[in-house]
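Below is one structure, written out as structure tokens; the observations come after it.
Computed from a prediction, not measured in an experiment: that's the story for all the values here.
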Amino acid sequence: MLDVTRLRVLDALARHGSVTAAAKQLHYSQPTVSHHLARLEAETGAQLLQRVGRGIRLTQAGQLLADRAAEIIGRIDAADAELAAHVGLTAGRVRLAGFSSVIGSLVPRAVAALSSKNPGLRVSLVDTHPPEALELLRAGTIDVAVIFRYDETEPEPEGVRLHHLLDDPVYVLSTRRVRKLATLSDDTWIAGCERCRSHLLRLCADEGFEPRIGFASDDMVVMQTLVAAGLGATIMPGLALRAHRAKGIVASELPGSRRHVYAATYGEPPDPPATTALLTALAEAAAA
């Protein structure tokens, strides 16, 4: 039978990339980590690690087991949290992941309200993009993922339940007021990473042009600073503007363009009491 402690060591090694980093994260000594890894190889009968120079890396078998270990540990932690929550909200924890602009605007109000009503409840928070948040949710590493989607976004994985929070208007940012993106067709554009710019590309295509992208950043402060300096234009949702708004930019709402924000949970209802309490707090913060 696989030892959960040794699976945690393997998971830490896979996530942090070295015995030293895994030992630091787990508060173990390096010899202890090495011992657990050696015992795990002996128990499984598989070569999980390969020495490369002065370091080690996972073999194909090691990566396979590490992927499963992340799921197993997530489910164990989730079960622990659910049992604690069923005792009552005077104890236990609830784990949340969200994207940067919602963490900078809506989430703090929700978490503060939840903590005020339930001071014994521990709330943890991870800042990450929606695809990664959904993977954490499916693995049982978190209990709620706050995500966004556009009308053209692919459906969420099976088993994910969406709880609508709000529809976030999208704005074009420039140093002058505009009514259509096509007005800025000759401007330089500031876009997100390759994965995050699809909505900008679709909006521009709908108006008959391809944006000339000169700057790439997912940092809303950086993007606004570049716009304010007259170096280009960009689009940005309302929550991002609520979290931070630079002087010198003009935000013009794009009619009909909305980003839909949801709290996502995984599995069949009912949700544990702590998760339900967090969903309620998020809904109330969104309504406010």
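- Between Tyr262 and His164, the distance from one ring center to the other falls under 6.0 angstrom.
- Although no hydrogens or angles enter the test, the distance criterion places a donor-acceptor pair under 3.5 Å between the side chain of Arg149 and the main chain of Glu154.
- Looking at heavy atoms from C-beta onward, Val94 lies in side-chain contact with Leu121 at the 4.5 angstrom threshold.
- Panel note: side chain Glu41, backbone Leu49; a donor-acceptor pair is recorded below 3.5 Å.
- With hydrogens and angles ignored, the 3.5 Å screen pairs no side-chain donor or acceptor of Asp11 with any backbone N or O of Leu7.
- In this structure Glu132 satisfies the salt bridge (charged side-chain N to carboxylate O under 4.0 Å, His left out) test together with Arg195, sequence neighbours excluded.
- No continuous path of hydrophobic side-chain contacts links Ile147 to Leu106 [ILVMFWY only; heavy atoms under 4.5 Å].
- Separation of the Phe99 and Phe148 ring centroids falls under the 6.0 Å cut-off.
- Under the 3.5 Å distance criterion, the side-chain polar atoms of Arg39 are left unmatched by any main-chain donor or acceptor of Arg6.
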- request: Let me see the working for Arg202 and Glu152 under salt bridge (Lys or Arg N to Asp or Glu O under 4.0 Å), right down to the final yes or no.
  value: CA-CA 9 Å; Arg202 188 185 72 81; Glu152 68 270 18; 3.2 Å; yes

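- A heavy-atom distance below 4.5 Å is found between the side chains of Leu282 and Val144.
- In this structure, Arg68 places its CZ atom where only 12 or fewer heavy-atom neighbours from other residues, nucleotides or ligands lie under 6.0 Å away.
- Side-chain atoms of Glu71 do not come within 3.5 Å of backbone N or O of Ala139 as any donor-acceptor pair.
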Donor-acceptor pairs under 3.5 angstrom involving side-chain atoms of residues 239-253: please list them, not counting sequence neighbours.
residue : atom : partner : partner atom : Å
Ser252  : OG   : Val178  : N            : 3.3
Ser252  : OG   : Val178  : O            : 3.3
Glu253  : OE2  : Arg258  : NH1          : 3.2
Glu253  : OE2  : Arg258  : NH2          : 3.2

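- The shortest side-chain heavy-atom distance between Ile103 and Val146 does not fall under the 4.5 Å cut-off.
- The main-chain N or O of Ala112 is never found under 3.5 Å from a side-chain atom of Ser116 such that the two would form a donor-acceptor pair.
- A donor-acceptor distance shorter than 3.5 angstrom exists from the side chain of Ser34 to the backbone of Gln30, with no hydrogens or angles considered.
- Side-chain atoms of Thr275 never come within 3.5 Å of backbone atoms of Asp271 as a donor-acceptor pair (strictly under, hydrogens ignored).
- For the residue pair Arg95 / Ser124, no side-chain donor-acceptor distance below 3.5 Å is found, with atom types taken as modelled.
- In this pair, Phe209 and Trp189 present their aromatic rings tilted. The plane angle is within the 30 to 60° band.
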task: Assess whether side-chain hydrogen bond (donor to acceptor under 3.5 Å, both in side chains) is satisfied between His199 and Ser257, documenting all intermediate values.
output: CA-CA 10 Å; His199 190 59; Ser257 182; 3.2 Å; yes

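- Inter-residue side-chain proximity for Phe215 and Thr188 is flagged as met; some heavy-atom pair is nearer than 4.5 Å.
- Enclosure of atom CD in Gln60 is not indicated, since only 12 or fewer non-hydrogen atoms of other residues, nucleotides or ligands lie within 6.0 angstrom.
- The hydrophobic cluster containing Leu26 also contains Leu58, counting ILVMFWY residues as joined when their side-chain heavy atoms lie under 4.5 angstrom apart, directly or transitively.
- A donor-acceptor contact shorter than 3.5 Å links the side chain of Asp3 to the backbone of Thr5.
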